[in-house]
Asks: 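Could you have a look at this structure, given as C-alpha cells, before my questions?
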There are 2 protein chains.
Amino acid sequence: MQMRKSPRQQRSRQTVERIIDAGRTVLADQGYDAFSTNRVAAVAGISPGSLYQYFGDKDAILTIVIDRYWDEVAEQVAASLNDRIGPGTIGLDGVRSILDALFSALERNPALLRVLTEQLPQVANRERRHALEQRIRDVLVTYLTARPESSRRPDVDLAAWVLVMAVQNVALRWSLDRPGFNRDRVLDEVVVLVGGYLLA
Amino acid sequence: MQMRKSPRQQRSRQTVERIIDAGRTVLADQGYDAFSTNRVAAVAGISPGSLYQYFGDKDAILTIVIDRYWDEVAEQVAASLNDRIGPGTIGLDGVRSILDALFSALERNPALLRVLTEQLPQVANRERRHALEQRIRDVLVTYLTARPESSRRPDVDLAAWVLVMAVQNVALRWSLDRPGFNRDRVLDEVVVLVGGYLLA
DNA sequence: CTTGTATGCGAGCAAACACTCGCGTCAGGC
DNA sequence: GCCTGACGCGAGTGTTTGCTCGCATACAAG
C-alpha cells in the first residue's frame, strides 16, 4: 500500500516529516528489528494512529526512507559525473574523482547504509539500486560510444555492466567491512582495475 | 542458541535430516516469509515439538541450511582451484575455468541462492561468506606471492581483496539478475578484467 | 518381559505487533 | 467568532508465530 492521504495543513506536513525522520533514526540507530510502527510513532512523538493517516502500512514508511537514501547517493555521484563528463575525454584522474564521489557518498551515513544492506531483505532495496545502476550505466554507455578511443572493449553495454557491478561491490564492501586498506590506495587500485579492463 | 541435543538413534538422525531438508525446501520454494517453525515441521512430516528436541530455535535450522549451501559452493570452487594451482603458472585459460566453476556453483540452486541473498537479512550469511572469501583470498595471495611474474600489483593482499570483491559481485549479479548477456562472453570479460588489472 | 530412556506428539500459551476505531481537539476559511 | 473538516489520540483487537509441556510410543539393554 502507498501513501494514504496527503497532508493539507502545515501541522500535518510537519507530522509526516517527523515520521520519516523517526523512521530513518530508528533504522540507523536501532536496526530493522526495532523498526516497529509503535516505536517509530513514539520516536516521532505522535500516536500510532496518526501514523496510519498518511502511510498505508509499515512498508510505506520504509520505502520512503530507502528511496530518499539512494536518491541522495545517486545525486552526489551524478553531480561528480556531470562535472567531469562535459569537457572532453575523462582520463584516469577523472575516473578517480568520480570513484571518490561514490566512496564519499557511501561514507555519509554508515549506520543507515549498514542496516539497509545487511539487515533489510534486499528485495526492498532492489528497485532503487537497479535504478541507480541503470543511471550510471547509461552515462557510461553514451560516453564509451562517443569516445571509442577510450576503450578497447567490443560490447559497450556488456563492458558498462561489468564495470558497474565490479566497482559497486568494491566500494560497498570497503565502506561496510572496513578492511585495513588505505582509502586512497583502494581508489588507486580501482582506477587501475577500470583502466586495465578498458585498455587491455 | 545452537543444537540442543544430538540424536542417538537411527530414527532421530533421519528426523534431523528431514528437518534440514524441509527447511531448505521451504526456503527455496516459498521464501523466507513462509519459513515458520510450524511449516517446516509440517513439510518435514513431524510435529513442532519434535523440531525443538534438536534445534534450540528457529535460527539454528536456518544457520545449518545456510552453512551447507555456502559450503557446497566453496567446495566446488576449491576443487577447481586446487586442480589448477598445482602445476605451474595458471594463465588466462586457468583463470577462466576457475571462474567457470564459480558461475556453475551459483547456478546449481538458483531459487535458494535468490532467497539467501535477497530475502534474508544479510547478517545471517555474513560469517559464511566472509569465510568463503577469505579462503579464496588466501589461495590468491600465496599464488601471487609465489609467482611474482603473474602480477604487477605492488600490494598482494590489496590486489587479492579487490579481485575477490569485484569478481564476486559480477558472478552473483549475473546469476541473480539474468541480464541479457551471454554466459561465455561474460566469462571472457571477467577474464579480461582480472588479466588487465594484474598486468596493467 | 521389564524397565529406563530416547523419541515423538500436538494442543495451546504468551508475546509481539501491525493496524483500527471512536472520540476529542485544533486550524483556518468565511 | 463559528463551524467544519482535518488532525491527533491511544487503548484495544485480531492474528501470527515461536516455543513449551505433559503425555504417549518406540527402542534397546539386561
Asks: Quick one: B:N38 CG to C:dC13 P, roughly how many Å, whole number?
Replies: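 Rounding to the nearest Å, CG of B:N38 and P of C:dC13 are 15 Å apart.
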
Asks: Could you check how far NZ of A:K58 sits from P of C:dC19, rounded to whole Å?
Replies: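 Atom NZ in A:K58 sits about 8 Å away from atom P in C:dC19.
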
Asks: Checking side-chain polar atoms at under 3.5 Å, does B:R173 have a donor or acceptor matched by the opposite partner on B:T117?
Replies: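 There is no such pair between these side chains.
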
Asks: Give the rounded distance in Å between these two atoms: CZ of B:R13 and P of D:dC27.
Replies: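 Roughly 14 Å, once rounded to whole Å.
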
Asks: Does C:dT7 have OP1 or OP2 sitting under 4.0 Å from an N or O in the side chain of B:T15?
Replies: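 No, because none of the side-chain N or O atoms of B:T15 sits under 4.0 Å from OP1 or OP2 of C:dT7.
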
Asks: Consider the side chain of A:Y54, meaning its heavy atoms from C-beta on, and name the nucleotide among D:dG8, C:dA11, D:dC9 that approaches it most closely.
Replies: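 Among the listed nucleotides, the one closest to the side chain of A:Y54 is D:dG8.
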
Asks: Can you check whether A:S47 has a side-chain N or O nearer than 4.0 Å to OP1 or OP2 of D:dG8?
Replies: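 It does not, given that no N or O in the side chain of A:S47 lies less than 4.0 Å from OP1 or OP2 of D:dG8.
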
Asks: Would you say B:V123 ends up clustered with A:I66 if hydrophobic residues are merged whenever their side chains have heavy atoms under 4.5 Å apart, either directly or through other cluster members?
Replies: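 In one cluster with A:I66: B:V123, no.
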
Asks: Please classify the nucleic acid contact of A:F55 as base, sugar-phosphate, or nothing, using heavy-atom distances under 4.0 Å.
Replies: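 The answer is nothing, as A:F55 stays clear of every strand by at least 4.0 Å.
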
Asks: Tell me, with the steps shown, if B:R129 and A:E118 meet salt bridge (Lys or Arg N to Asp or Glu O under 4.0 Å).
Replies: CA-CA 13 Å; B:R129 265 178 62 184; A:E118 292 188 348; over 6 Å; no

Asks: What is the nucleic acid contact for B:L51, judged by heavy atoms within less than 4.0 Å: base, sugar-phosphate only, or nothing?
Replies: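 Touches nothing.
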
Asks: So, does B:S36 get its side chain near the phosphate of D:dT17, meaning an N or O under 4.0 Å from OP1 or OP2?
Replies: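 B:S36 to D:dT17 OP1/OP2: no side-chain N or O under 4.0 Å.
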
Asks: Mind checking if A:Q53 touches a base, just sugar-phosphate, or nothing, with heavy atoms under 4.0 Å?
Replies: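 Base: the residue A:Q53, judged by heavy atoms under 4.0 Å, touches a nucleobase.
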
Asks: Check the distance between D:dC27's P and B:R8's CZ and give it to me in whole angstrom.
Replies: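 Roughly 18 Å, once rounded to whole Å.
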
Asks: Using the closest heavy atom to pick a nucleotide of DNA chain C for each, name whichever of B:S6 or A:S50 lands nearer the 5' end.
Replies: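 Going by which nucleotide is closer to the 5' end, it is B:S6.
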
Asks: Atom CE of B:M3 and atom P of C:dT7: how far apart are they, to the nearest Å?
Replies: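 After rounding, the gap between these two atoms is 12 Å.
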
Asks: When you get a sec, tell me which of C:dT7, C:dT20, D:dC19 is the closest nucleotide to the side chain of B:T37?
Replies: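 The answer is D:dC19, which lies nearest to the side chain.
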
Asks: Any ion pair linking B:R153 and A:D188 (charged N to carboxylate O, less than 4.0 Å)?
Replies: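 No salt bridge links A:D188 with B:R153.
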
Asks: Between A:Y52 (OH) and D:dG14 (C1'), how many Å, whole number?
Replies: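 Atom-to-atom, A:Y52 to D:dG14, this comes out as 14 Å.
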
Asks: Which whole-number value in Å describes the distance from B:Q9 CD to D:dC27 P?
Replies: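 Taking atom P of D:dC27 as the reference, CD of B:Q9 is at 8 Å.
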
Asks: Determine the sole option in B:V40, B:L62, B:I64 for which the side chain to side chain contact (heavy atoms under 4.5 Å, CB included) test with B:F55 is passed.
Replies: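 Result: among B:V40, B:L62, B:I64, B:I64 is the only option passing the side chain to side chain contact (heavy atoms under 4.5 Å, CB included) with B:F55.
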
Asks: Please give, in whole Å, the distance from D:dC7 C1' to A:R11 CZ?
Replies: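 To the nearest whole Å, that distance equals 4 Å.
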
Asks: What nucleic acid atoms does A:R4 come within less than 4.0 Å of, heavy atoms only: base, sugar-phosphate, or nothing?
Replies: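 Answer is sugar-phosphate: A:R4 comes under 4.0 Å of backbone atoms only.
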
